[in-house]
Amino acid sequence: MDFNTYDIEYHPVSPDNPAEYIKLCGVADFDIKKTFDCGQCFRFEPVGGTPHEIEFAGVAHGKLISLASEGDTLYIYNTNPDEYLRLWRRYLGLDTDYEAVCRDILSRSDNPALARAVSAGRGIRILRQDPWETLCSFVISQNNNIARIKKIISSLCKRLGERIDCRGMEAHGGDVGQYTFPTPLALAAAGTEVLRELKVGFRAEYLADAAARVLRGELDFDCIESTKDTAACAARLKTVKGVGDKVAACILLFAFGRYDAFPVDVWIGRVIEKYFGGCRDACLGPYAGIAQQYLYYYERYLKGE
DNA sequence: CTCCAGGAACTCC
DNA sequence: GGAGTTCATGGA
């Protein structure tokens with residue numbers, strides 16, 4: 001999908017500019033806070049003391065970046081136009097026309113709760129995160145809460161990941177010391193004992209199994225990427241212990257951009273019960289997963305507003 | 001103390 | 001093929 005290529009203004013490193021960055025103008029339907037605070041991603045945090053209206057920083061695809069905005073102007077620190085077009089444009093979902101997505105979703109149901117959720121969730125972008133990291137993150141998420149999921153993932157990275165060079169990024173989240181997400185090899189080598197030390201609990205065997213399968217070539221993310229049938233992809237992912245319907249859908253939606261994947265957790269279960277009369281197959285079309293994220297955000301964070 | 005958290009495996013019938 | 005149980009952990 002080649003949608004909306006923004007004009008990219010590049011600012012290289014200079015004496016009064018320690019980190020290279022790019023500036024994009026007229027970026028619609030992208031709310032940084034909602035996007036990184038809506039439960040799809042566990043490694044981005046707000047930057048303190050920023051002169052921008054909003055700024056979030058985190059590690060993705062092995063690199064620290066920082067995102068800031070002033071109205072519809074978007075700044076991405078620690079990158080350049082080349083890398084943006086190759087990596088971050090796709091990661092951030094800026095290659096997708098969300099105006100059209102929302103129109104499609106709303107055309108498939110006249111449910112008033114859905115309309116309210118789409119309105120409330122406007123600006124959320126579904127990220128395309130690293131498949132391995134996403135798999136582990138959502139295995140850890142099972143029967144767990146978001147604050148604790150973040151802590152566990154952070155300690156996993158610090159103990160088993162590699163330290164990232166953050167020079168020049170001190171004012172953009174690089175002051176705390178950043179680490180990559182551990183590779184399958186690093187995780188397998190650590191073993192279940194170390195994983196338990198890192199408080200993953202009963203999920204230690206699941207993570208070890210996932211790492212072993214990737215190392216043996218039994219789980220191939222490139223193969224999943226090229227398989228068109230989403231249900232078949234889910235079935236492949238579910239061969240990993242600890243991956244059921246919900247986690248498989250999260251991986252497909254948040255790592256592979258399979259917008260038709262529809263994760264049903266306790267919150268979405270309540271939404272279906274309350275607003276859709278218990279009818280699970282609301283039939284929201286090829287962007288049902290995005291609709292799901294609007295509904296999740298609406299129910300979870302905006303109850304009572 | 002109990003209950004819950006972006007669930008899933010396991011064990012019964 | 002469903003219903004109930006258990007899993008490790010910390011915060012409310």
Side-chain angles (χ1 to χ4, degrees), chain A residues 33-45 58 117 120-121 124-131 133-156 159 187 190-213 219 234-276 278 280 282 284 288-304:
Chain A
K33 181 170 168 50
K34 286 183 192 175
T35 296
F36 289 97
D37 230 23
C38 75
Q40 62 175 320
C41 172
F42 304 104
R43 295 200 68 196
F44 272 70
E45 296 294 337
I124 294 175
R125 296 246 170 190
I126 302 299
L127 302 169
R128 290 174 189 262
Q129 305 179 70
D130 174 70
E133 176 177 337
T134 307
L135 166 59
C136 294
S137 297
F138 282 93
V139 163
I140 292 167
S141 80
Q142 68 166 272
N143 203 30
N144 214 339
N145 61 70
I146 290 182
R148 199 163 162 270
I149 296 164
K150 285 187 176 179
K151 275 187 190 171
I152 293 172
I153 292 172
S154 171
S155 58
L156 267 177
R159 174 86 177 261
L187 217 141
T192 56
E193 315 78 31
V194 172
L195 295 178
R196 282 180 188 280
E197 279 175 35
L198 297 170
K199 305 300 180 186
V200 303
F202 64 91
R203 309 165 192 87
E205 283 73 23
Y206 299 157
L207 293 179
D209 180 59
R213 280 176 184 275
L219 183 63
R236 286 298 305 160
L237 291 167
K238 283 168 67 178
T239 61
V240 177
K241 262 196 220 171
V243 177
D245 289 327
K246 192 268 176 181
V247 170
C250 283
I251 299 165
L252 289 170
L253 182 58
F254 301 138
F256 292 96
R258 295 301 183 91
Y259 298 144
D260 55 329
F262 195 90
V264 179
D265 69 340
V266 289
W267 295 92
I268 291 298
R270 284 171 207 157
V271 166
I272 293 169
E273 196 60 40
K274 278 169 65 179
Y275 309 121
F276 293 87
R280 193 207 174 289
L284 294 174
I290 298 179
Q292 174 274 157
Q293 201 55 27
Y294 293 150
L295 290 164
Y296 175 83
Y297 179 80
Y298 175 68
E299 183 68 8
R300 165 102 204 234
Y301 298 104
L302 290 156
K303 222 157 76 171

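The chains referred to below are lettered A, B, ... by the order of the sequence lines, with proteins before strands, and numbering in each begins at 1. All values below were derived from every heavy atom in this structure, side-chain atoms included, with hydrogens, water molecules and symmetry-related copies excluded.
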- Take atom CD1 of A/I152 and atom C1' of B/dA5, then tell me their distance rounded to the nearest Å. 11 Å

- Note on the structure: Value for NZ (A/K151) from CG (A/N145), rounded to nearest 0.5 Å, stands at 9.0 Å

- Task: Scan A/C38 against the nucleic acid and name what it touches under 4.0 Å (heavy atoms): base, sugar-phosphate only, or nothing.
- Result: base

- Does OP1 or OP2 of C/dT9 have a side-chain N or O of A/K151 closer than 4.0 Å? no

- Message: Between P on B/dA9 and CG on A/L237, what's the gap in Å once rounded to a whole number?
- Response: 12 Å

- Message: Expressed as a whole number of angstroms, how long is the span from A/L207:CG to C/dC7:P?
- Response: 19 Å

- Message: Please compare A/K238 and A/Q293 by the position of their nearest nucleotide in DNA chain B and report the one closer to 5'.
- Response: A/Q293

- Query: Rounding to the closest angstrom, what is the interatomic distance between B/dA8 and C/dG11 at atom C1'?
  - Reply: 23 Å

- Do you know the tightest heavy-atom contact between A/S141 and A/K246? OG-NZ, 4.2 Å

- Selection from B/dG6, B/dG7, C/dT9 that lies nearest to any side-chain heavy atom of A/R300: B/dG6

- In whole Å, what is the span from the CG atom of A/D209 to the C1' atom of B/dA9? 12 Å

- Mind calculating the distance between CH2 (A/W267) and P (B/dA5) to the nearest angstrom? 7 Å

- Item | Sugar-phosphate only, base, or nothing, as touched by A/G39 at under 4.0 Å among non-hydrogen atoms | base

- Task: Under 4.0 Å between any heavy atoms, over every strand shown, what does A/R196 touch: base, sugar-phosphate, or nothing? Just pick one.
- Result: sugar-phosphate

- Message: Could you tell me how far apart A/D265 (CG) and B/dA5 (C1') are, to the nearest whole angstrom?
- Response: 10 Å

- Nearest heavy-atom pair of A/L195 and A/A204: which atoms, and what distance? CD1-O, 3.7 Å

- Query: Per the side chain to side chain donor-acceptor pair (under 3.5 Å) rule, which among A/E299, A/R300, A/Q293 passes with A/Y296?
  - Reply: A/R300

- Nearest-Å distance for atom pair CD1/P, residues A/I140 and B/dA8: 14 Å

- Message: I need the CZ-C1' distance between A/F202 and C/dC7, as an integer number of Å.
- Response: 5 Å

- Rounded to whole angstrom, note down the P distance from C/dA8 over to B/dT11. 15 Å

- With the side chain of A/R148 defined as its heavy atoms from C-beta on, choose the nearest nucleotide among C/dT9, C/dC7, B/dA8. C/dT9

- Note on the structure: Applying the 3.5 Å cut-off to both distances, the Watson-Crick or G-U partner of B/dC1 turns out to be none

- Determine, answering yes or no, if A/F138 is stacked on B/dG6 under the 5.5 Å centre rule and the 30° plane rule. no

- Message: When the P atoms of B/dG6 and C/dG2 are compared, how many Å lie between them, rounded to an integer?
- Response: 27 Å

- Message: If you compare all heavy atoms of A/V247 against all heavy atoms of A/G242, which two are closest, and at what distance to 0.1 Å?
- Response: CG2-O, 4.3 Å

- Note on the structure: With the side chain defined as heavy atoms from C-beta on, A/Q142 is closest, among B/dA8, B/dA5, B/dG6, to B/dA8

- Item | Whichever of A/Y296 and A/V243 has its nearest DNA chain B nucleotide further upstream toward 5' | A/Y296

- Message: Within the 4.0 Å heavy-atom criterion, would you say A/F254 contacts the bases, only the backbone, or no part of the nucleic acid?
- Response: base

- Task: Examine B/dA5: is either OP1 or OP2 under 4.0 Å from a nitrogen or oxygen in the side chain of A/R270? Give yes or no.
- Result: yes

- Task: Could you pull out the closest heavy-atom pair between A/Y206 and A/K241, with the gap in Å?
- Result: CB-O, 3.4 Å

